[in-house]
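Below is one structure, written out as structure tokens, with a few remarks after it.
When reading the values below, keep in mind they use all heavy atoms of this one structure, side chains included, and skip hydrogens, waters and symmetry mates.
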Amino acid sequence: MAKWTPKHEAPEPLEGPVVATITGGTVIWFVLFLVQLPFYGWFDDHGHTWWVWTCLAGGGLGLIGVWYVRRRDAAIKRAAAARQTKPA
């Protein structure tokens with residue numbers, strides 16, 4: 001079996017408002033959790049409590065994601081500033 005080798009370079013990753021996107025998604029997960037919380041009894045009666053806990057887990061993981069992308073964004077900005085101030 002031959003090893004596959006790419007025939008062209010991989011494209012650069014798309015950069016966008018990553019921090020805002022992750023923060024918005026995290027807020028949505030927490031809002032969904034809070035909206036479902038008053039109906040916990042109904043979810044429990046129908047065997048759907050995992051819906052509530054999935055929203056809470058999504059919000060919690062989103063907080064980790066916000067922390068991660070903010071640090072990544074800061075590191076990218078530090079690296080760009082270091083490249084600009086580096087003497088030629």
Side-chain angles (χ1 to χ4, degrees):
M1 188 162 161
K3 182 179 176 186
W4 179 80
T5 55
K7 294 182 173 52
H8 54 79
E9 293 293 320
E12 290 293 319
L14 295 174
E15 291 294 332
V18 180
V19 176
T21 303
I22 301 300
T23 302
T26 302
V27 168
I28 289 171
W29 279 114
F30 277 124
V31 167
L32 287 172
F33 171 72
L34 293 174
V35 166
Q36 290 179 0
L37 205 54
F39 305 101
Y40 186 83
W42 183 89
F43 286 113
D44 193 30
D45 292 343
H46 292 85
H48 295 301
T49 55
W50 64 272
W51 289 7
V52 178
W53 302 120
T54 299
C55 292
L56 183 61
L61 291 172
L63 290 176
I64 294 170
V66 169
W67 172 79
Y68 178 81
V69 296
R70 287 187 65 182
R71 287 183 51 108
R72 177 183 175 272
D73 194 40
I76 290 171
K77 288 178 183 174
R78 277 194 311 270
R83 278 194 304 269
Q84 288 181 352
T85 60
K86 186 177 180 181

Mind listing the side-chain donor-acceptor pairs of residues 18-43 below 3.5 Å, one per line with the distance, residues two or more places apart or on another chain?
| from | atom 1 | to | atom 2 | distance (Å) |
| --- | --- | --- | --- | --- |
| Thr21 | OG1 | Pro17 | O | 2.8 |
| Thr23 | OG1 | Val19 | O | 2.7 |
| Thr26 | OG1 | Ile22 | O | 2.8 |
| Thr26 | OG1 | Gly62 | O | 3.3 |
| Gln36 | OE1 | Val52 | N | 3.4 |
| Trp42 | NE1 | His46 | ND1 | 3.3 |

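Remark: Trp50 engages His48, Thr54 in a side-chain contact (heavy atoms from CB on, under 4.5 Å) (not counting sequence neighbours). By the side chain to side chain donor-acceptor pair (under 3.5 Å) test, Arg72 is found to be paired with Glu15, residues two or more places apart in sequence or in another chain being considered.
Hydrophobic clustering (ILVMFWY, side-chain heavy atoms < 4.5 Å, transitive): Trp67 and Leu63 are in distinct clusters.
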